Each structure stands twice: as structure tokens, then as C-alpha cells.
Colleague: 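Please find one structure pasted underneath; my questions will follow.
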Amino acid sequence: MAKVTANIPVQKNQSIELEITGQGHEGEGVGRYEGFTIFVPGAIKGERVKAKIVKVQKSFAYGRLMDLLHPSHHRTEPSCPIYHRCGGCHLQHMTYEGQLEHKRQMVIDSLTRIGKLENVPVHPTLGMDVPWEYRNKSQVPVGLVNGKIVTGFYAPRTHEIIDMEGCPIQHPYSDEIVNKVKRALENLNIPPYDEASKKGLVRHIVARVGYHTDETMVVLITNGRKIPKVEELIQRLRGEIPHLVSIIQNVNTAVTNVIFGPDTITLWGKDTIEDRIDDIRFSISARSFFQVNPIQTKVLYGKALEYAQLTGEETVIDAYCGIGTISLFLAKKAKQVIGVEVVKEAIDDAKRNAALNGITNAEFLVGEAEKVIPDLYEKRGLKADVVVVDPPRKGCDEALLQTIADMQPERVVYVSCNPSTLARDLRYLEDRGYKTQEVQPVDMFPQTKHVECVIGMQRIDT
Ligand code: SAH
């Protein structure tokens with residue numbers, strides 16, 4: 001069937017000149033050609049570009065950036081030599097100032113378009129002094145290319161591993177750890193996993209670093225239990241890897257893109273590493289979620305604490321609490337904190353972390369926030385003064401938002417990693433007696449497209 005192209009002003013392979021007037025969620029430039037939306041990856045708002053149309057859809061097209069006719073003052077040279085091949089970063093071609101402005105704009109756009117929230121103050125994004133080397137966890141696939149072990153990243157949309165010596169947004173220890181493990185595997189002839197034949201052993205190397213403690217952990221994800229020459233491997237890694245306190249094996253024999261499998265074994269040392277956020281200590285196991293940017297986490301939680309306006313008398317619910325990071329951060333300033341999280345191991349960590357810090361006014365419950373919190377309200381009659389939510393990208397379940405509206409806490413603090421679902425959820429609460437007072441974007445993931453923010457909401461008497 002012939003394609004209907006009547007209202008589409010561009011065709012594949014056509015070259016056009018375009019004014020870039022916005023920036024999309026993936027960091028791509030957006031412009032309009034005779035009213036038709038064109039996405040141009042790599043282009044920056046304010047630029048005039050020459051683009052070649054590579055893909056045409058019903059209501060938009062993609063163009064490849066061919067020429068910069070008028071570059072933005074926010075354009076800069078990406079500092080990573082493999083930036084264009086890797087796909088892990090999206091904004092290295094933008095100055096850091098430009099990135100921070102772009103992220104704030106993403107939040108404003110979602111709040112106005114999706115949330116219909118017009119006059120909410122959205123503060124300038126809080127960025128890092130040095131927006132590099134911040135990640136405390138690195139997970140790299142291991143493979144064999146032309147008989148040599150490679151560790152790096154999957155080329156976008158493929159299963160081909162591109163070898164990489166270092167990554168400028170990772171803590172330098174992580175690169176060192178991965179490279180040392182790789183050499184050790186080579187020297188001891190421990191075979192990497194081969195995706196095509198499903199044979200071989202080592203699938204991924206995971207390195208974790210305690211930013212404030214310097215402790216490091218190596219996790220080997222293996223396609224089977226037995227590692228040949230495991231004692232030699234352990235001795236070698238202990239001798240070579242700085243500040244190593246833990247070597248973990250995780251067995252994953254499934255044909256899957258999910259990195260971790262069900263069995264975790266400590267091969268040597270501790271089961272966990274320790275890190276701190278401010279003066280609170282956290283013990284982190286191989287599989288636990290811990291914020292990847294420890295410097296900005298303190299900034300993020302500091303804002304959450306500020307918006308919670310605690311006096312010491314409040315009961316606080318921390319929904320989606322992970323290993324209890326926000327809960328413990330708030331516990332010192334509240335009467336009582338109840339953390340709710342669906343992953344049991346994370347709740348075990350949260351309880352251990354409370355004990356580690358001598359915090360006795362925090363309680364942790366396993367289960368879905370949208371089930372546990374309605375139960376707490378309906379069956380236990382619990383009424384919180386402040387509810388903090390920090391959901392995954394899909395946002396809060398409606399049952400949880402409904403319970404918040406019924407429970408009527410004085411304040412809601414929303415920590416969000418996705419402005420679209422955030423805007424949807426804020427609108428829901430705005431329609432049920434809450435007012436969004438302040439929005440603070442915090443740059444947790446410099447050089448990437450990810451946007452994080454904290455929001456303070458107040459109940460208004462109706
Ligand atoms: N507040 C924590 C974790 C935030 S990440 C921190 O700052 O470290 C979001 C968390 O929500 C994850 O730990 C995930 O396991 C959890 N989660 C996902 N769906 C959930 C649900 N329906 N109910 C409760 N927790 C959930």
C-alpha cells in the first residue's frame with residue numbers, strides 16, 4: 001500500500017535547513033519544518049542546522065545532523081572519545097550550564113503540558129562543581145572478540161560489546177577494578193560468557209565504590225556456579241584492587257537481559273560495603289539499590305528534608321524507601337518514620353542500617369506501597385503528618401495517591417526521576433486539596449538525559 005504523504009512536507013534522504021527551537025526527552029534537538037516536527041539528535045536549542053531526513057513517521061521525522069550553520073553558545077566538544085558510540089551519555093556535546101538549563105526546562109514543560117501547573121516556581125537545577133567521575137557503581141558486560149576478552153558496553157540496539165578502558169562519569173576506581181578483573185580472567189583463562197552460543201562463564205563485572213569510605217566491592221556475574229582457579233583469582237584481585245573489602249559471585253544461568261540472577265555467594269571478605277550520606281552510614285549489599293551519585297544524593301535529600309519542615313513531632317511515611325536512605329535521613333528530625341518498600345532484601349538492609357546508626361524511631365515494612373499504606377491508614381488508623389514518595393519511573397500507583405488524599409498529611413514531598421509521571425501525580429493531588437509550592441531539579445546524572453527533582457506540596461484548607 002502506498003504511504004499517505006499528503007501532509008508530510010519532508011521525504012527520506014531530503015536535506016533541509018532547520019531552526020532548533022527545543023530539546024526532547026532524549027536530549028535531541030527539535031525543530032519545525034513547515035509546521036512538521038523534526039527531531040535531530042545532537043542538535044541544540046538555538047542552533048540552525050542542515051539535516052538529512054532519515055526516517056519519516058505520521059506526525060514527525062528524524063533528521064541526521066549534517067552541518068552546523070549557526071552553533072549554540074552551549075555547544076562544546078564531548079570529552080569522552082567514545083561518546084558517539086556508547087549511548088550511556090546523551091548531553092556531552094552541551095556545556096554543563098546548558099545541560100542544567102535543559103533539565104529545568106524539561107521539568108517546566110512536563111508540569112505545564114501534562115500537569116497543567118502554570119505558576120509553580122521551578123528553581124534553577126542544582127548541579128555539581130565537577131560533573132564527572134561521580135558514579136559509584138559500574139556494570140559492564142564481558143565477552144570475547146577475536147579471541148580477546150572485552151569489557152565495555154553494548155553498541156546501541158545490538159548485543160555487540162565494544163571494548164572500553166575507562167568511562168569519565170565513573171569513579172576512577174571502577175575503571176581500575178574492571179580492567180584488573182579483565183586481566184586476571186585473561187591470565188587465568190577463565191572464559192567469558194558468549195551470548196550467541198550461551199557458553200562460557202563470566203557475564204558481567206560489577207564494581208561498587210563507597211565514595212566516602214573508599215571501600216570497594218567486585219561482583220562477578222557467572223553463568224554457573226563453578227569458577228575454575230577461583231582461589232588464584234581471589235588472591236590476585238586482593239593483591240591488585242585498591243581498598244577491596246568484598247568479592248561476590250552472583251549466578252545467573254537464565255537467557256535474559258537482567259544482569260543479576262537469584263544466587264549470591266560471598267567469595268571473600270564482607271557481604272557489603274559501607275558508605276555515608278552526610279553522617280548516616282549505609283551498609284550496601286551487591287544487589288541493593290543505592291543512589292549512584294553520592295555527592296548529589298546529599299543535596300537531593302537535604303532538599304527533601306527542607307520541604308518536609310520537620311520539628312521533631314511528626315509521623316512520616318517514606319514510600320518506596322529502598323534501603324531506607326531517606327527514612328534514616330529524616331528520622332533524626334521526626335518523631336517516627338515508617339518506610340515501605342517492595343524488595344525484601346532492601347528492607348533487611350534498611351533495618352540493618354537503622355541499627356548501624358542507632359536509629360530506633362524508624363520502622364520498615366515490606367510490600368507494595370499501594371497496598372501497605374492503604375492498610376496502615378484503614379486498618380491501623382495511621383495518619384502521617386508528612387508523606388515522602390520516591391517512586392520508580394512509572395510514578396505512584398493511583399491507590400497510593402488516593403490514600404494520601406484521604407489521609408490528608410500536612411505535607412507531601414515528592415522525589416521524582418521522571419517529570420512526566422511526576423506532573424500526572426501532582427495534578428492528581430492538586431485536584432484533591434494539595435498545592436505544589438516549590439520544585440527543585442537536582443542533577444543526579446550529569447552528562448546524561450536523566451532529570452531528577454524534589455517537590456514540596458502543602459495541604460490547603462478547603
Ligand atoms: N528512596 C530510595 C529508593 C528509591 S528507588 C532511595 O533514595 O535510595 C525506588 C524504589 O521503589 C526501589 O527500591 C524499588 O524497589 C521500589 N519500588 C518499586 N515499586 C514499588 C512499589 N509498588 N511499592 C513499594 N516499593 C516499590
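Counting starts at 1 for both ligands and their atoms, following the listed order. Every value quoted in this text rests on a predicted model; they were computed, and no experiment measured them.
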Colleague: Show me which atoms of ligand 1 lie under 4.0 Å from any heavy atom of Y301.
Modeller: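 Once the distances to Y301 are compared, the set is 6 (C), 7 (O), 8 (O).
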Colleague: When you measure from atom 15 (O) of ligand 1 to each heavy atom in E345, E341, Q291, which option holds the nearest one?
Modeller: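 Looking at heavy atoms only, E341 sits closest to atom 15 (O) of ligand 1.
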Colleague: For atom 26 (C) of ligand 1, what is the closest protein heavy atom, and at what distance to 0.1 Å?
Modeller: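 Of the protein heavy atoms, Y320 CD2, 3.4 Å lies nearest.
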Colleague: Could you tell me whether the side chains of Q458 and E410 share a donor-acceptor contact shorter than 3.5 Å?
Modeller: yes
Colleague: Can you name the atoms of ligand 1, numbered from 1 with element, that are less than 4.0 Å from a heavy atom of V343?
Modeller: 15 (O)
Colleague: Among protein heavy atoms, which sits nearest to atom 25 (N) of ligand 1, and what does the distance come to when rounded to 0.1 Å?
Modeller: V342 N, 3.2 Å
Colleague: Note the single closest protein heavy atom to atom 9 (C) of ligand 1, along with its residue, its atom name and the distance in Å.
Modeller: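 Going atom by atom, the protein heavy atom closest to atom 9 (C) of ligand 1 ends up being D390 O, 3.4 Å.
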Colleague: Under 4.0 Å, heavy atoms only, figure out whether ligand 1 is touched by the backbone of C321, its side chain, both or neither.
Modeller: backbone
Colleague: Heavy-atom distances under 4.0 Å decide this one: backbone, side chain, both or neither, for F289 against ligand 1?
Modeller: side chain
Colleague: How about D406 and Y377: does a side-chain donor come under 3.5 Å of a side-chain acceptor?
Modeller: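 Judged by distance alone, the side chains do not pair up.
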Colleague: Going by atom types only, do T264 and N250 share a side-chain donor-acceptor pair under 3.5 Å?
Modeller: yes
Colleague: With a cut-off of 4.0 Å, which atoms of ligand 1 are near a heavy atom of G367?
Modeller: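 Those atoms are 23 (N), 24 (C).
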Colleague: For the atom pair CZ (F282) and OG1 (T213), what is the distance rounded to the nearest 0.5 Å?
Modeller: 12.5 Å
Colleague: What residue and atom, counting heavy atoms only, is the protein's closest point to atom 22 (N) of ligand 1, and at what distance?
Modeller: E370 OE1, 3.1 Å
Colleague: First locate atom CZ of R411, then atom OH of Y434, and finally report the distance between them rounded to the nearest 0.5 Å.
Modeller: 10.5 Å
Colleague: If the cut-off is 4.0 Å to any non-hydrogen atom of P392, which atoms of ligand 1 fall inside it?
Modeller: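 Result: 11 (O), 18 (C), 19 (N).
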Colleague: State whether the shortest distance between N or O atoms of I326 and N or O atoms of ligand 1 falls below 3.5 angstrom.
Modeller: no
Colleague: Any donor-acceptor pair under 3.5 Å linking the side-chain atoms of Y301 with those of D278?
Modeller: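 Not at all, the side chains of D278 and Y301 share no donor-acceptor pair under 3.5 Å.
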Colleague: List ligand 1 atoms under 4.0 Å from A369, heavy atoms only on the residue side.
Modeller: 21 (C), 23 (N), 24 (C)
Colleague: Step through the shown structure and confirm whether more than 12 heavy atoms of other residues, nucleotides or ligands are within 6.0 Å of NZ on K333.
Modeller: no
Colleague: Name the closest protein heavy atom to atom 8 (O) of ligand 1, giving the residue it belongs to and the distance to 0.1 Å.
Modeller: T325 OG1, 2.8 Å
Colleague: Just checking, is any N or O donor in the side chain of Y428 or Q402 under 3.5 Å from an acceptor N or O on the other one?
Modeller: yes
Colleague: Just by distance, no angles: are the side chains of T266 and D271 close enough, under 3.5 Å, to form a donor-acceptor pair?
Modeller: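 Judged by distance alone, the side chains do pair up.
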